[in-house]
Structure formats: structure tokens, C-alpha cells
Engineer: 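Can you read through this structure? Questions will come right after.
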There are 2 protein chains.
Amino acid sequence: MTKLLPTKERIIDIAGDIFGREGFQSATIRKIAEAADANIASINYHFRDKDGLYRAVLEDIFSRTFQKFPAVPLPGNPTDPEERLYVFIHAMFQRFLSHEGWGGFSGRGKLIAREFLDPTPAFEDVVETYIKPQKNILSSILSDLSEGKMDKDRMISCAVSIIGQCVYYAFAGPFIQRIAGNFNINEENLDFLSDHVFQFSLGGIRKIINDAIENNSLTHQEKHS
Amino acid sequence: MTKLLPTKERIIDIAGDIFGREGFQSATIRKIAEAADANIASINYHFRDKDGLYRAVLEDIFSRTFQKFPAVPLPGNPTDPEERLYVFIHAMFQRFLSHEGWGGFSGRGKLIAREFLDPTPAFEDVVETYIKPQKNILSSILSDLSEGKMDKDRMISCAVSIIGQCVYYAFAGPFIQRIAGNFNINEENLDFLSDHVFQFSLGGIRKIINDAIENNSLTHQEKHS
DNA sequence: AGATGAATAAAACATTTGTTTGAAACAGTC
DNA sequence: GACTGTTTCAAACAAATGTTTTATTCATCT
């Protein structure tokens, strides 16, 4: 058997798959070593221990994907807030679904989904470096869109609503398919999904803004009581 | 030490907590047995094996919560589709966040989140019994709202957008707090969250319908190219 | 060619963990 | 009060899994 990559990189590569599919606990270093065609001890040699390997995998996943689909807007990107919102959503789906990104749920995506549930110490660093900048970008877009007509809580709520859609589409793919029959969520309809989430969110944001203008304190029940 | 419940129920109760917090693998039967003040062997005695215990816990969680917050609309519930949408969303948040439901992310909610990632055979039954009816209810609401002006794919997309928001709010609670500072997601602001998701989604749905009417085939890029 | 340090290999080690066993305690019945 | 079936308990068992050890191979430089 030919080994195209040096052992260390081969291990990181395979480990990403296996950690993703099976989770940290179930992914034994023996499985990883065998799949990477490497010796068990070489994992400890290169990464100190299983935790060290996982840390390396996580860092690798984020650094590569955010290099490919950067968080910082490129020069020449649109300045119109609506356009920027579309670009933001589209980039998010690219990272989640595209082959060059996390390859959807069945690939690395699952590993990241797990980090949402049980963040490891390694994920803390990732949040600071890669995810928090995203939050600032979205905040500025929403701020421009609302022109000061939304309070902070509503703005956060809208941000969560937008992110929530993307994340759910990306992570609950197999589940959605199980419930909704032939509704495919993968790289091929990345554009359709981006477009839907964009239009849906735009409608939602506008409604929240309008409601805030005409009546910014009453809840649904109060209005109908 | 006094034991308020018989051993079997005490084990199910505690096991829900521990499975939720630590996941199936990390939740050892020794931890569970100790926390439930029961012998290790009694778990195997009552539930055959660890899988059997997990199955019992899952069934218990869903049956109790859906009995408390049923999926089937009660007689006397509103017939107006917008009102029905609000009720649907509110019930979902109740199940997710309320103490009598899954108690939010830190409680049983996490266990269910895990099932989205790695469905166990036991979850298949739960999907059929408890979750699929939900899908039919939401479908009928969206169908009434759109009055035949949305195709099937758009309707599913809207459904996913709505569910996605609720699920993300419920499951990513700690994560959101980490990113967005003091934005609390728990039982106390259940009404605020329901109201936001309702308004946001209503705006989104209306926009999707309008777009579908005036131009039901072009994507965002095509429209702007 | 020889020396040096990095990388790999096979085996052994120490723990953890799900499960089983056989005896003891308990509850209800005749 | 003896009998029977159920439940609990402590201990043992067997398999798995992360880690370490020791030896060997490989590459690089002098």
C-alpha cells in the first residue's frame, strides 16, 4: 500500500473522519491507527496522547476551512447590507456543506456539532479565533439593516434566528430527510438553501423592525388579550 | 438515606440526568448506580443491559413530555392559522425549555440533541410515535397560511426554518450565551422567545409567499445577475 | 562508513467498564 | 412458620482501551 502523506498528516486526516463519525470516546486510537495504516504508538509519539490528537484535528479543521472561506469580508465585496447578509449566509453554508469545507453532516460537520453539545477546552480557542469574528460581522450587518430601529435583544434574537436556520440545515440533514422524504441537503442545492434562508430571514428581520417601530414592548399574548 | 421511589424508577430518573450530561458512553453504569443509590447488578436485573436502560429512559422522557404538552391540537384551540402557528411554536419551546419538559439544554434536552447526531434504534420508535405527527401539524398550518401559493419544497424549507430556530435556541443555549453575553435562554423568557420566533417566521413565510407569487423560479443570483 | 536523532513497530501494562454469578434479604402466600 | 418468587448485594470475570516500554528501522549529516 502506498502512503501519499507522511504519517502525522495521514493520522490527522483519518482521525477527523473517525472522530466525526463515532465521537471522541468511541473513536479508539486502535481504529484510527489501523485506518491510517500507522502504529498505535505513533499516535502518542506525534500527539502525546488522544487528547492531543483531537486538539490537532480540531485546529486543522477550522484553520483550513476558514482559510478557504474567510470570515473577514474581502475587498470588493458588496457594501449594501442586504447583499452582505446574503454573502454571509452563503459563506456559512459553504463552510458547512461544501466538500472543501466540512462536507456536511456526514463529514467533519458532525464533529463540530458535537462541540456545540460538549465543548472541549480545544474548542474554546477555536471560538475566540474563528467564531467570534463571525458574530461581529453579522452584528454590523443587522445594525445597518435596522438603522437603529431595533434594540440589542431583538438584534441578538435575529442573529440567532439566522444562524439557527443554517446550523439546523447543516446538522439535521439526515433527520430532515427521514421526516420530509426526498428533501436533499447537500452541496448541490447549497445555492437554493442559501437563497431560501436569505429571503426568509430578510422577511423576518423586516417584520421584527416594523413591529418594533409600531409597538416595541408588547408581546404576542398582550397584543391579543 | 431515604428512598422516595422504588429502585427501578429511581434508576430511570437519575440515568436521564447522567446520560444527558455525559452521553451514553461516558455515563457508566457504576456512576448511575451510585447516584441512584442502587447496586450495579440491579440495573442489569431491571433493564437487562445498559442499552435496555437507555431505551427505558428515552421512552420515559418522550412519553411524559408529550403527555404534558401534547402534539394533537386540543379542542377549543384556535383555528386561525397564524394563531395555530404561535401555539405550535410555544408548545415546542415548552417541551424544550420548561422544567416539566426537558428542562432546557442542561437537563434532558442534551440527551435528545445527541439523538439528532447519533440516532439509536430506540429513537426510531420515538420519531414515529411522537415527532412525525408534529410534522403533519406544521404542514397543515403552513398549507393554510400559504393558501396554495407555495410549492412543496418551499413549504418544507419554511418548516425547517421554523423548527431550526426553536431547536437552535434550545440546544445552543450555553453557546449563544458564550458568544452574546447576557442573553438568557431558559424557562423565564420562554414567552419572549416564542414571540420572537413567531414574528420572525411569520415575516419570513410572507416574504417567501410574495416572492413565489411574483417570481417563483429565479434564485437570488439569477435575479441579480 | 559511522554516528546521531527521528520515526515506527510489537508487546506488555494498568485501568476502566459492561456483565455475570451465587448468596443473602425481602415480601407475599399457603 | 415454611415456601416461593422477587429484589438486592458484593465479588469476580472478561473484554476493551489509553499508555508506556524497548527494540528496530530509517534518514541525514560528517
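Each chain gets a letter, A, B and so on, in the order its sequence line appears, and its residues count up from 1. All values below were derived from every heavy atom in this structure, side-chain atoms included, with hydrogens, water molecules and symmetry-related copies excluded.
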Engineer: Figure out the CD/P separation between A/Q25 and D/dA16, and round it to whole Å.
Structural biologist: 17 Å
Engineer: Would you say A/H46 places a side-chain N or O within less than 4.0 Å of OP1 or OP2 belonging to C/dA6?
Structural biologist: no
Engineer: Could you tell me the separation between the CZ atom of A/R30 and the CG atom of A/N39, rounded to the nearest 0.5 Å?
Structural biologist: 10.0 Å
Engineer: How close or far is atom P of C/dT19 from atom CD1 of B/I43, stated in whole angstroms?
Structural biologist: 10 Å
Engineer: In whole Å, what is the span from the CG atom of B/D49 to the C1' atom of D/dA15?
Structural biologist: 16 Å
Engineer: Rounded off to whole Å, could you give me the CD1-to-C1' distance for the A/I18 and D/dT17 pair?
Structural biologist: 15 Å
Engineer: Between D/dC9 and B/S42, is there an OP1 or OP2 to side-chain N/O distance shorter than 4.0 Å?
Structural biologist: no
Engineer: Are B/F171 and A/F116 an aromatic pair, judged by ring center distance below 6.0 Å?
Structural biologist: no
Engineer: What integer distance in Å separates A/F47:CZ from D/dG18:C1'?
Structural biologist: 16 Å
Engineer: So what does A/I40 hit on the nucleic acid, given a heavy-atom distance under 4.0 Å: a base, only sugar-phosphate, or nothing?
Structural biologist: base
Engineer: Which residue, A/I29 or B/N39, contacts DNA chain D at a nucleotide closer to its 5' end, judged by nearest heavy atom?
Structural biologist: B/N39
Engineer: Rounded to the nearest Å, what distance is computed from the CG atom of residue A/N44 to the P atom of nucleotide C/dA9?
Structural biologist: 14 Å
Engineer: Nearest whole Å is fine: how far is D/dT17 P from A/L53 CG?
Structural biologist: 16 Å
Engineer: Whole angstroms only, please: what is the OH-C1' distance between A/Y45 and D/dA23?
Structural biologist: 15 Å
Engineer: Establish, yes or no, whether a centroid distance under 6.0 Å links the rings of A/Y168 and B/Y168.
Structural biologist: no
Engineer: Would you kindly compare B/K31 and A/A41 by the position of their nearest DNA chain C nucleotide and give the one closer to the 5′ end?
Structural biologist: A/A41
Engineer: Which listed nucleotide (C/dA7, D/dT19, C/dG18) is nearest to the side chain of B/R30?
Structural biologist: C/dG18
Engineer: Around A/K68, counting heavy atoms of other residues, nucleotides and ligands shown, do more than 12 lie under 6.0 Å from its NZ?
Structural biologist: no
Engineer: Could you state the interatomic distance from CD1 (A/I61) to CG (A/L58), rounded to the nearest 0.5 Å?
Structural biologist: 6.0 Å
